[in-house]
Amino acid sequence: MEGLDKLRRARIEKLNQLKAAGVNPYPYRFRGTHTIEQLIAAEKNLSENEMLVSTAGRVMSVRGHGATTFGHIADLNGTIQFYIRKDIVGKDAYKLFKLIEVGDIVGVEGTLFRTKTDELTIRAQKVEILTKTLRPLPEKWHGLTDKELRYRQRYVDLFMNPHIREVFIKRSKLIESMRQFLIGNGFLEVETPILQPLYGGASARPFVTYHNTLDMKLYLRIADELYLKRLLVGGLERVFEFAKDFRNEGIDRAHNPEFTMMECYAAYMDYLDFMDMVEEMMRVVAGDLAAGGVVTYKGHEIDFGKPWKRIRYFDAIKERTGRDFRRMSDDEIFEEAIELGLDVEKDTPSPAILDELFSELIEPELIEPTFVYDYPKALSPLAKDHRSDEGLVERFEPFVGGFEVGNAFSELNDPIEQRKRFEQQAALRARGDEEAQILDEDFLRALEYGMPPAAGLGIGIDRLVMIFTDSPSIRDVLFFPHMRPEEGPV
RNA sequence: GCGCCGCUAGCUCAAACGGUAGAGCACCUGACUCUUAAUCAGAUGGUUCGGGGUUCGAUUCCCUGGCGGCGCACCA
């Protein structure tokens, strides 16, 4: 840390020199006439020396030549060169300017001109320090590439690697686009509890916390499903929420302990209506984010303008394996799974075997937008029985780019059946399944007051952003992915 | 949680078989009034992730811990 300290001391020394000269290194505001992007666009209307312009940004490079200095400043959307001459700004100002260095945030005022290499440049008449920085920037040529540092110090990553900012801007736009679509379709944006006395709506292990005054355990939500459905009971016929959910599970390229899920529910609709809606929503969102609604992910062109492929769960398995698992006994399912090379135990319940088989063999191949529908009942305790096919539920999952990006069903609204499903989950839990869902008496009470027939949908926002930004890891689409604490001084 | 790989200056990276730890950029000093990875001359900068072991000697080999990446497992 000796080396870093030395670099910081040198910067603090310059800071003190600025102060000694009566300059506030952290002034309150700056009003530029243009952003850098606007300067570039406005250039054709400005002739040399004609108009005084000013703009602010971070100093990304400095090239001094005695009595002149060139450098670049960057703001959110652009980079522009500045040029400072001692004979223009004066001897004292030039000396003060020499205390400004790479990384500092400055305001530059001057006139636009083109250098002899034809680069648009601000010939500075005034340079004002707006923020003195105390740490050196990463090396200008390679920048910050170490993944650990990029994730831990995202603030540095963001200004050193402008293309990273694009990922997050796209993320924001995706959410905006989806929100507008939903609002345009009569959905009401709502907020429901993150701290829940009982967790539900998904099969996952929760984070547990504690309320001091109430002296009670609380859980961070794993889903907002059960609360949104309570709102349907309350007559809010179409609701949605962009929800941070929390699941106490492993971390990998596709999983972060906290993640964003958009859930929406619509009364009087069923899962088939929602398939159409998801198709339309993704067509609109993709149109807003990508030229022609076509996205390239891992080298695959994914066209959201085309109708999605639709295939029933057991048909998808049959298509891939040539075997009809629908008609097999539990023993046969186990034996076939072993034959297909799956790592399953003799006592693994057959729905879990199918689930495993599906995610191993089928899911990775679902690159083109695909709806898989009509799932086995055992995996879906909150979905309504299939209207005509015993043992199945009216559920579909959208797949894109080889992974599941959502989950939807015709919502189970029969309170007696729902209680039975919860009781089956309780039995699983008693046998040691920590992810089995918890019986929620208040939710059942709500259903007993009557929830209209409804469809519900959850969309994994992070994964969609990965697809739209061609990002290999969920960490690349989260500003601050979860990390173990670093040790020692930073 | 398990396996494999990595961790060297602020950043990006080197270091033959185990033999005084280096470069570029940044920083510091000096020169330089159209440069742009500015250039030129010089100087500074290290707990080689931590701890232990083997050895005359460890960045290097062994053990152990930390952090990260990738894969597996679990999930969305």
Side-chain angles (χ1 to χ4, degrees), chain A residues 1-11 13-14 60-72 79-89 94 101-103 113-119 121 123 133-153 156 160 201-205 222-223 243 245-263 343 352 355-356 359-360 363 397-399 403-407 433-435 458-464 466 472-475 481-490:
Chain A
M1 284 298 122
E2 187 66 19
L4 177 59
D5 262 354
K6 193 179 160 188
L7 296 171
R8 288 178 71 228
R9 274 201 304 272
R11 283 176 175 254
E13 174 54 30
K14 288 181 176 142
M60 299 308 289
S61 62
V62 172
R63 295 176 292 281
H65 308 74
T68 66
T69 300
F70 284 92
H72 280 92
T79 301
I80 194 165
Q81 182 167 254
F82 60 85
Y83 175 51
I84 299 169
R85 294 173 62 105
K86 197 182 201 168
D87 56 8
I88 292 179
V89 299
Y94 195 76
E101 57 204 314
V102 172
F113 77 109
R114 290 235 163 219
T115 62
K116 70 181 183 194
T117 55
D118 201 33
E119 177 167 352
T121 302
R123 180 184 282 111
T133 57
L134 301 186
R135 288 183 185 244
L137 258 48
E139 194 234 13
K140 63 187 165 196
W141 192 238
H142 301 91
L144 187 71
T145 60
D146 184 274
K147 277 193 178 168
E148 180 170 359
L149 288 176
R150 287 189 41 225
Y151 296 147
R152 285 193 196 279
Q153 301 182 41
V156 179
M160 288 305 294
S203 299
R205 282 146 68 195
I222 57 172
D245 291 341
F246 306 85
R247 297 189 185 174
N248 208 337
E249 280 151 3
I251 298 173
D252 65 25
R253 229 175 58 235
H255 300 264
N256 194 64
E258 58 181 287
F259 64 102
T260 304
M261 178 122 90
M262 192 288 292
E263 289 198 41
D343 181 24
D355 198 34
E356 169 80 7
S359 47
E360 281 294 312
E363 185 167 346
E397 293 192 318
F399 290 86
F403 55 25
E404 186 187 339
V405 294
N407 187 18
D433 182 353
E434 285 184 78
E435 292 179 356
I459 295 275
I461 296 299
D462 312 280
R463 289 187 177 179
L464 264 194
M466 286 169 68
S473 167
I474 195 169
R475 294 182 197 93
H482 182 77
M483 294 283 223
R484 287 191 161 95
E486 44 187 331
E487 53 176 17
V490 298

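Convention: sequence-line order gives letters A, B, ...; per-chain numbering from 1.
In this structure, A:R152 places its CZ atom 12 Å from C1' of B:G69, rounding to the nearest Å. Taking atom CD1 of residue A:I474 and atom P of nucleotide B:C70, one finds them 12 Å apart after rounding to whole Å. Computed from coordinates, the A:D146 CG to B:C7 C1' distance equals 9 Å when rounded to whole Å. Atom CD of A:E434 is separated from atom C1' of B:G1 by 13 Å (rounded to the nearest Å). Following rounding to the nearest Å, A:Y94 (OH) and B:U33 (P) show an atom-to-atom distance of 9 Å. Between the CE atom of A:M160 and the P atom of B:C25 there is a distance of 16 Å, given to the nearest Å. Across the protein-nucleic acid pair, A:H482 atom NE2 and B:G69 atom P stand 11 Å apart, rounded to whole Å. Atom CD in A:Q81 sits roughly 10 Å away from atom P in B:A38 (whole-Å rounding).
Map A:V405 and A:K86 each onto its nearest nucleotide of RNA chain B; the residue landing nearer the 5' end is A:K86. Annotation: of the two residues near RNA chain B, A:M483 and A:R463, the 5′-most nearest-nucleotide partner is A:M483.
Nucleotides B:A73 and B:C2 place their C1' atoms 8 Å apart, quoted to the nearest Å. Nucleotides B:U12 and B:U54, compared at atom C1', are 34 Å apart to the nearest Å. Here, B:G46 and B:U59 have their P atoms 16 Å apart, quoted to the whole Å. Going from the C1' atom of B:G30 to that of B:A43 covers 11 Å, rounded to whole Å. Across the P atoms, B:C5 and B:G42 are found 43 Å apart, a figure rounded to whole Å. For B:G52 and B:G10, the C1' atoms lie 30 Å apart once the distance is rounded to whole Å. Nucleotides B:U48 and B:C74 are separated by 42 Å at their P atoms, to the nearest Å.
The CZ atom of A:R135 sits 7.0 Å away from the CD atom of A:Q153 when rounded to the nearest 0.5 Å. The structure places OG1 of A:T133 at 11.0 Å from CZ of A:R8, a figure rounded to the nearest 0.5 Å. Rounding to the nearest 0.5 Å places CG of A:D355 at 10.5 Å from CD of A:E360. From A:R205, atom CZ reaches atom CG of A:N248 across 6.5 Å, with rounding to the nearest 0.5 Å. Interatomic distance, A:F259 CZ to A:H482 NE2, rounded to the nearest 0.5 Å: 15.0 Å.
Listed by chain and number, the residues in a salt bridge (charged side-chain N to carboxylate O under 4.0 Å, His left out) with A:R253 amount to none (sequence neighbours excluded). Shown here are the salt bridge (charged side-chain N to carboxylate O under 4.0 Å, His left out) partners of A:E13, two or more places apart in sequence or in another chain: there are none. Taking A:T115 as the reference, A:T117 meet the side-chain hydrogen bond (donor to acceptor under 3.5 Å, both in side chains) condition, with sequence neighbours excluded. Taking A:E148 as the reference, A:R152 meet the side-chain hydrogen bond (donor to acceptor under 3.5 Å, both in side chains) condition, with sequence neighbours excluded. Listed by chain and residue number, nothing satisfies the salt bridge (charged side-chain N to carboxylate O under 4.0 Å, His left out) test with A:R63 (two or more places apart in sequence, or in another chain). The side-chain hydrogen bond (donor to acceptor under 3.5 Å, both in side chains) test applied to A:E397 returns A:Y375, A:R395, not counting sequence neighbours. With sequence neighbours excluded, no residue forms a side-chain hydrogen bond (donor to acceptor under 3.5 Å, both in side chains) with A:T68. Not counting sequence neighbours, the partners of A:K14 by the salt bridge (charged side-chain N to carboxylate O under 4.0 Å, His left out) test are A:E101. Take A:Y83 and apply the ring-ring contact (aromatic ring centres under 6.0 Å, His included) test, not counting sequence neighbours, and it matches A:F70, A:F113.
For A:K116, the side-chain atoms get nearest to B:U35 when compared with the rest of B:A76, B:U33, B:U35. The nucleotide whose nearest atom lies closest to any side-chain atom of A:A67 is, among B:U33, B:A76, B:C67, B:U33. Taking only side-chain atoms of A:K147, from C-beta outward, the nucleotide of B:C11, B:C70, B:C34 with the closest atom is B:C70.
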Considering only nitrogen or oxygen atoms on both sides, find all protein atoms under 3.5 Å from nucleotides 72-74 of chain B and state each distance.
from, atom 1, to, atom 2, distance (Å)
B:A73, N6, A:D252, OD2, 2.9
B:C74, O2', A:E435, OE2, 3.2
B:C74, N4, A:D252, OD2, 3.2

What nitrogen or oxygen pairs link the protein and nucleotides 26-31 of chain B at under 3.5 Å?
from, atom 1, to, atom 2, distance (Å)
B:A26, OP1, A:K140, NZ, 3.0
B:C28, OP1, A:K14, NZ, 2.1

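Using a 4.0 Å heavy-atom criterion, one finds that A:N256 contacts the bases of the nucleic acid, with or without backbone contacts as well. If you check every strand for non-hydrogen atoms under 4.0 Å, A:R475 touches sugar and phosphate atoms only. Residue A:D245 is classed as having no contact, given no heavy-atom separation below 4.0 Å to the nucleic acid. Using a 4.0 Å heavy-atom cutoff across all strands shown, A:M261 reaches no nucleic acid atom at all. Counting non-hydrogen atoms under 4.0 angstrom, A:F403 reaches nothing in the nucleic acid.
Residue A:F259 and nucleotide B:A76 are classified as a stacked aromatic pair, their ring centres being separated by less than 5.5 Å at an interplanar angle below 30°.
The glycosidic torsion of B:A16 lies within 90° of 0, placing the base in the syn range. B:C17: glycosidic angle within 90° of 0, hence syn.
Annotated stems with RNA chain B as a participant read B:1-7 with B:66-72, B:10-13 with B:22-25, B:28-31 with B:39-42, B:49-53 with B:61-65, given as range with range, by first number; only runs of 3 or more Watson-Crick or G-U pairs under 3.5 Å qualify.
Between A:Q81 and A:T121, the side chains place a donor N or O and an acceptor N or O closer than 3.5 Å (distance only, hydrogens not considered).
Between A:R8 and B:G45 there is no side-chain polar atom (N or O) within less than 4.0 angstrom of OP1 or OP2. For the OP1/OP2 pair of B:A38 and a distance below 4.0 Å, the side-chain nitrogens and oxygens of A:R63 include at least one atom meeting the criterion. Contact between the side-chain N/O atoms of A:R484 and the OP1/OP2 oxygens of B:G68 is found at a separation under 4.0 Å.
Looking at A:T145, its side chain has no donor and acceptor atom pair within 3.5 Å of the base of B:U12.
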